[in-house]
There are 2 protein chains.
Amino acid sequence: MQFFILAILVNLMYVSFMSTTDTSLHIAAVERDTGIPKDTLRVWERRYGFPRPMRNDHGERTYPLDQVATLRLVKQLVDSGYRPNRVVGRDEGELRDLLGAAETTPGPDLSAEAQGIVDALRRQDLAHVQETLRGLLMRRGLERFVIDTLAPLASAIGDAWAGGRLAIHEEHLFSEQVDRLLSQAISQLPVQNDRAPTLLGTLPGELHRLGLRMVESLFAVRGLPCISVGPDVPVDQLVDASRGHQAGCVALSISACGATPSAARAVLDLRNQLSNETMLWLGGRGASRLRPRPPAVVEVFETLPELAGRLDRT
Amino acid sequence: MQFFILAILVNLMYVSFMSTTDTSLHIAAVERDTGIPKDTLRVWERRYGFPRPMRNDHGERTYPLDQVATLRLVKQLVDSGYRPNRVVGRDEGELRDLLGAAETTPGPDLSAEAQGIVDALRRQDLAHVQETLRGLLMRRGLERFVIDTLAPLASAIGDAWAGGRLAIHEEHLFSEQVDRLLSQAISQLPVQNDRAPTLLGTLPGELHRLGLRMVESLFAVRGLPCISVGPDVPVDQLVDASRGHQAGCVALSISACGATPSAARAVLDLRNQLSNETMLWLGGRGASRLRPRPPAVVEVFETLPELAGRLDRT
DNA sequence: GAGATACGAATGTCTAGGACAAATGCAGTT
DNA sequence: AACTGCATTTGTCCTAGACATTCGTATCTC
């Protein structure tokens, strides 16, 4: 009996001070889950009539889960170049059609093994994922594995996640596996310690380590020293670290959803604060989409082979 | 000549539409660099008269760099328990004194090697850090290394970071190194695949992978299967993943700064949605500090040896 | 004296519209 | 085909008010 009363109490407290129930999220949670800033969520509502959140007891916005799902699709489309007035407010079906059209554009002609990995992820068949990846790495070698296998695979998985065909935890799991595999491979390669190292990292808010690790691999196969400070590093810390390690170059990985104005500003700030001798390189899907564009002294690499070519010329 | 005109143009554009010059930052940049939300910056200004930004031509706030530096100190103090009205508005000297006082309190009795690692980090001597860690792991074995070396070392480094004696990027670098070392060690150990696996992760907002990896190590030395979905995983994803992998147990790592009310709510929510046969374990410094406390069926481990003991009894 | 309870102050985050510069799209011109 | 100028779109900032939760402290009870 007492247990039940307690349970009810807990439940009441939960609903009242959460502002987040099983079926709806409050605005901060939506910002976190979709990556759309609060200000933008409010202004879209005012201008386009979508999203149309409910209100809780305090008059605060409360977003039903299906609207959050739609917002994720919208974000995906906006990130890939659509303008908000074309996509905000459309229903989910239309959005999926647009996304489908955009998706087939690159034609990520996956190899049989890569397709097998996506399927295994969906079946939660971890062992199969691990074995296939390991086998591919061994057969192709680190560089070809990263460029020919991992890059298309990662983008296919990103699309599958955005399109709802793969759960977040499945994508997390894939990242974990690949990260471990690459780490191991990298640490087995010798390094030329007489060269100035490159500092590797991502900007604040950017949490994807995978791109970082792939870039690190390209450095590693050439024996180029390279220090990864990991994801989510503030600008002033990158500056400090580049001084501390006497880095000849700072290389940032910017994912598609990381190409925000605030990232563009961060790049400018960084370029201004770095010494003139230190190069600044940007890579990743989002690198060429930064607006405003970084100054010309900042080198942008659209693809991994481009970066590999640059490394060979060094 | 053309180059100079271009340079001037770039510079003008930069100053005009960035609202960020060499000597001051606008509000979004301050949020990015200090981690203090924009709303909070504005409300501190209204309430405490600090920070006191200048205004640019459009009436937007423009924060001088020295105020940003002070804000960073304030943020550290607030994170370590001081209340804003005690620290916001104090001058930099006072803040440094407070930080210094907090610093000496714990006085963790580090081994010579561990102290050596902290020093090497501060000297940016990456090679020394790597070699020392590798050596300690080999000499002590994975379990003793994690419990006796890494645990105190990680907490010393956390303190040093909070006290401003270690830069963020130095702490990031340490995490990267240890993560790689542990990953490698773990993947070399055999696993009993006939047991139900444990799902490992952290809650949304919690980005520390190190604790996760240390726990994974304890599972690995016993051959217990264990799937790490990585940090920052939403509750519904943990539920899905535990079903998909038929996990017997979900184990969460909660760091000191992760013990927020929202984390406590997430734990409750998670326990409600998991099947009754699935255990829920919490570990890490923050686990026992959750308010409201999780129900008794949730097992909380204050220390790694406790967890190790529990694993041996399984 | 230790521990629980109650109350006031402190604190972060939400709300509403309004405003405006920069980016984009488009028409017209060289 | 490339450039120029104008209108629209868009994200972010602004002010100022509100309020639930948390923290500190004073009071009460065992």
Side-chain angles (χ1 to χ4, degrees), chain A residues 12-20 25-32 34-48 50 53-63 74-75 77-79 81-89 259-265 268 289-293, chain B residues 12-20 25-32 34-48 50 53-63 74-75 77-79 81-89 205 259-262 264-265 289-292:
Chain A
L12 280 178
M13 284 166 64
Y14 172 72
V15 172
S16 79
F17 67 63
M18 281 297 276
S19 319
T20 293
L25 302 174
H26 74 208
I27 195 165
V30 176
E31 169 172 7
R32 214 190 37 214
T34 64
I36 303 168
K38 292 188 267 258
D39 271 331
T40 304
L41 286 169
R42 285 192 275 254
V43 99
W44 281 1
E45 180 183 342
R46 201 196 311 166
R47 288 187 186 147
Y48 311 114
F50 183 87
M54 306 175 308
R55 298 294 176 134
N56 67 10
D57 299 344
H58 328 317
E60 295 172 345
R61 290 172 176 80
T62 290
Y63 296 82
V74 170
K75 179 64 167 26
L77 286 166
V78 169
D79 282 346
Y82 285 87
R83 305 213 64 192
N85 68 347
R86 296 271 153 217
V87 287
V88 180
T260 62
S262 116
R265 268 174 261 148
L268 273 175
R289 287 200 209 141
L290 289 177
R291 293 299 128 83
R293 285 173 202 258
Chain B
L12 280 177
M13 285 167 63
Y14 172 70
V15 171
S16 77
F17 65 64
M18 293 321 307
S19 321
T20 293
L25 302 175
H26 80 190
I27 195 166
V30 177
E31 169 172 9
R32 193 191 62 207
T34 64
I36 303 168
K38 293 188 265 260
D39 272 334
T40 303
L41 287 170
R42 285 192 276 254
V43 100
W44 280 2
E45 180 184 341
R46 202 196 306 168
R47 286 188 186 145
Y48 310 114
F50 183 88
M54 308 174 308
R55 298 294 177 132
N56 65 11
D57 298 343
H58 328 317
E60 295 173 345
R61 289 173 175 79
T62 290
Y63 296 81
V74 169
K75 180 64 166 26
L77 285 165
V78 169
D79 281 347
Y82 284 87
R83 307 217 57 194
N85 69 347
R86 296 270 154 218
V87 288
V88 180
T260 62
S262 112
R265 274 173 257 146
R289 284 196 212 150
L290 289 177
R291 292 301 126 82

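Below, chains carry the letters A, B, ... as their sequence lines are ordered, and counting in each starts from 1. Quick caveat: nothing in here was measured; it's all calculated off a predicted structure.
Distance, A/Arg83 CZ to C/dA22 C1': 11 Å, rounded to whole Å. Note: OH (A/Tyr82) to C1' (D/dT9) measures 18 Å, nearest angstrom. Between the CG atom of A/Leu41 and the C1' atom of D/dC13 there is a distance of 16 Å, given to the nearest Å. Separating the CG atom of B/Leu25 from the P atom of D/dT12 is a distance of 17 Å, rounded to the nearest angstrom.
Under the rule for a salt bridge (charged side-chain N to carboxylate O under 4.0 Å, His left out), the partners of B/Arg55 that lie at least two apart in sequence or sit in another chain are B/Glu45. Scored by the salt bridge (charged side-chain N to carboxylate O under 4.0 Å, His left out) test, A/Arg42 finds A/Asp39 as partners (sequence neighbours excluded). With sequence neighbours excluded, the residues that form a side-chain contact (heavy atoms from CB on, under 4.5 Å) with A/Val87 are A/Val74, A/Leu77, A/Val78, A/Tyr82, A/Leu95, A/Leu98.
Across B/Thr34 and B/Lys75, no two heavy atoms sit closer than the pair O-CG, 3.6 Å. Nearest heavy atom pair, residue B/Ala28 against residue B/Lys38, reads CB-NZ, 4.4 Å. Heavy atoms only, all atoms of each residue included: A/Gly89 and A/Phe50 are closest at CA-CB, 3.8 Å. Residues A/Pro53 and A/Arg61 approach most closely at CG-CG, 3.7 Å, considering heavy atoms.
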Requested in this report: For nucleotides 12-19 of chain C, just jot down a letter per nucleotide in 5' to 3' order: B, S or -, based on protein non-hydrogen atoms under 4.0 Å.
Outcome: BBBBSBBB

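Axis deviation across the helix from C/dG1-D/dC30 to C/dT30-D/dA1 amounts to 30°, comparing end segments of five pairs, rounded to 10 degrees.
Applying the 4.0 Å criterion to OP1 and OP2 of C/dA9, one finds that B/Asn85 has every side-chain N and O outside that range.
Applying the 6.0 Å contact sphere to CZ of A/Arg32 captures more than 12 heavy atoms from other residues, nucleotides or ligands.
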